[in-house]
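A quick note: this is a predicted structure, and the numbers were derived from the prediction, not measured. Note that ligands are numbered from 1 as they come in the structure, with each ligand's atoms numbered from 1 the same way.
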Amino acid sequence: MDKLNPAAWLAQREQEATRRRLLPLERLPDGRLRLAREGKPPLELLDFSSNDYLGLSRHPQVVAAAAAALADYGVGAGAARLMSGNLPPHRRLEELLAVWKGYPAALLFGSGYLANIGIIPALVGRADVIFSDRLNHASIYDGCRLAGARLVRFRHNDPNHLEELLKERRGQGEALIVAESIYSMDGDRAPLADLVELKERFGCRLLVDEAHATGLFGANGSGVVEEEGLSGRVDLVMGTLGKALGAYGAYLVAGQEMIDFILNRARSFIFATALPPAVAAAATAAVELVQAEPGLRQELWEKAAFFKARLRAAGIGNELGPSQIIPLLVGESGPALELAAALQEAGIFAAPVRPPTVPQGAARLRLSVCRHLGHDDLARAAILIGAAFEKIRAKNA
Ligand SMILES: *Cc1c(COP(=O)(O)O)cnc(C)c1O
């Protein structure tokens, strides 16, 4: 098929049940979504698709911090950080992030995507090698592609496989190991201590992406690197401000020299406008809240455990994972779409995740639990999900 024929390309995707579409949604304050429909009243849906795990995007203190910064600094930063865009809210947030994560220094990026496509090519090039967990996020793979380094993919969360590959293919150049701490589609955790041991033994650098862990794990809520006592031993830790922190943008923490190096090397940092100052102020307030109120994440963990128990009681025997992200593996894209559509009719919104976001044959419903969902809603949703899942499975067996 002619790949440059958009109509034919879209028709093919339609047939494979992998075509993507934007939905006319509104997010309501209590964990509900309003979906506009043509010629029909809007649907109200319980939202199991958001990454706003702590509900901070609407927290009064976060909103007030953004509003105050908006009044002080206006909307846009007006320039890249290295030009005239380096404003007090950026510097304050970087200082806070460095202390929180237990590193000497921090650097903000426009988004997690921009961070990964900037950091990785800054660290390795054509003569070097990257060892990447197979299930790493698309932004990591795009960073690897831009770097032009040899890419070696190890089996998901398998340090023995990584060790074998390191022995065979470490080479003489720079070597970078990249992993996520909590995987975005399975909700499982990387064996970080093993990765640290291997990177030390084989003289590599280790970059850990804490997109889905930042704000949630560890005594201070800064992530899994903190929880496992590995702050400082992982060379570079990045994460987004757009998920549990409820804002936008991303951070990298590392040693001071490394941060200075990345600031001079990462093209997605150098050649991009600085984060809007109000967004940096909002993220600052969000980090302060996470530090001051561990109850926020305790409430999330209690609700995630409650929801998983109810899913089990509703007959779901699948592996539900150890985090706030719950994968309901379906297999093929078609049934995953069917399941999502059936649940939507029942008042539940959960994103069907299909290839190429996940491997072929691993299409799923990704359920994420957020703190603002009530126990009644979670209990009701578990029953509906159990019934719909059983039906789809029976039909496609
Ligand atoms: C979401 C995500 C990103 C991208 O972060 P954004 O701030 O949304 O661009 C990067 N890595 C992982 C693992 C993610 O889940």
Side-chain angles (χ1 to χ4, degrees), residues 20 27 48-54 56-57 90 93-94 97 101 106-123 130 132-147 153 156-157 176-190 192 195 206-217 222-225 234 236-253 262 266-269 272-276 279-280 282-283 286-287 321 323-327 351 353 356-359 364 366-370:
R20 299 170 197 263
R27 288 181 73 215
F48 283 91
S49 74
S50 159
N51 301 314
D52 187 10
Y53 302 119
L54 297 176
L56 294 185
S57 72
H90 302 127
L93 176 54
E94 283 176 347
L97 285 165
K101 301 282 298 186
L107 189 65
L108 296 175
F109 283 83
S111 70
Y113 183 86
L114 288 170
N116 282 332
I117 67 165
I119 295 164
I120 296 169
L123 293 168
I130 300 169
S132 173
D133 186 289
R134 269 196 198 154
L135 292 193
N136 275 343
H137 191 257
S139 58
I140 294 173
Y141 278 104
D142 290 357
C144 294
R145 218 176 297 171
L146 275 175
R153 304 188 330 152
H156 176 55
N157 278 350
L176 177 68
I177 301 171
V178 191
E180 296 176 28
S181 57
I182 296 290
Y183 279 85
S184 55
M185 293 299 145
D186 292 78
D188 54 346
R189 288 166 78 124
L192 285 186
L195 299 186
L206 174 61
L207 168 64
V208 171
D209 180 333
E210 296 231 74
H212 293 276
T214 304
L216 302 181
F217 293 85
S222 85
V224 173
V225 173
V234 176
L236 307 105
V237 183
M238 63 77 64
T240 178
L241 309 173
K243 289 173 178 158
L245 296 176
Y248 193 72
Y251 67 84
L252 169 70
V253 291
I262 297 286
R267 296 170 64 80
S268 63
F269 176 83
T273 300
L275 271 186
V279 167
V287 173
S323 74
Q324 78 283 10
I325 299 166
I326 303 174
V353 187
T357 306
V358 291
R364 72 199 54 197
R366 176 186 183 274
L367 298 166
S368 71
V369 181
C370 290

So, taking the atom named [atom1] in [X] and the one named [atom2] in [Y], what distance separates them when rounded to the nearest 0.5 Å?
X: Leu146; Y: Asn116; atom1: CG; atom2: CG; value: 11.0 Å
X: Ser50; Y: Arg27; atom1: OG; atom2: CZ; value: 4.0 Å
X: Glu180; Y: Asn157; atom1: CD; atom2: CG; value: 9.5 Å
X: Ile130; Y: Leu207; atom1: CD1; atom2: CG; value: 9.5 Å
X: Leu135; Y: Ile140; atom1: CG; atom2: CD1; value: 10.5 Å
X: Lys243; Y: Leu216; atom1: NZ; atom2: CG; value: 11.5 Å

#### Entry: Distance-only N or O hit between ligand 1 and Gly112, under 3.5 Å
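Yes, at least one N or O pair falls under 3.5 Å.
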
#### Entry: Min N/O separation Glu180 to ligand 1 under 3.5 Å
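By distance alone, the answer is no.
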
Counting each atom of ligand 1 from 1 as listed, which ones have a heavy atom of [X] under 4.0 Å away?
X: Ser184; value: 15 (O)
X: Thr240; value: 5 (O), 6 (P), 7 (O)
X: His212; value: 14 (C), 15 (O)
X: Ala211; value: 2 (C), 11 (N), 12 (C), 13 (C), 14 (C), 15 (O)

### Message
Are Tyr183 and His137 an aromatic pair, judged by ring center distance below 6.0 Å?
### Response
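Not under 6.0 Å, so no.
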
#### Entry: Derivation and outcome, side chain to side chain contact (heavy atoms under 4.5 Å, CB included), residues Glu94 and Val253
CA-CA 9 Å; Glu94 283 176 347; Val253 291; over 6 Å; no

Protein contact to [atom] [nearest heavy atom, distance to 0.1 Å]:
atom: atom 4 (C) of ligand 1; result: Tyr113 N, 3.6 Å
atom: atom 11 (N) of ligand 1; result: Asp209 OD2, 2.6 Å
atom: atom 3 (C) of ligand 1; result: His137 CE1, 3.5 Å

### Query
Does Lys243 come within less than 4.0 Å of ligand 1, judged by its heavy atoms?
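Under 4.0 Å: yes for Lys243.
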
### Ser139 heavy atom under 4.0 Å from ligand 1
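Right, Ser139 reaches ligand 1.
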
### Message
Heavy-atom distances under 4.0 Å decide this one: backbone, side chain, both or neither, for Ala250 against ligand 1?
### Response
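Neither; no heavy atom under 4.0 Å.
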
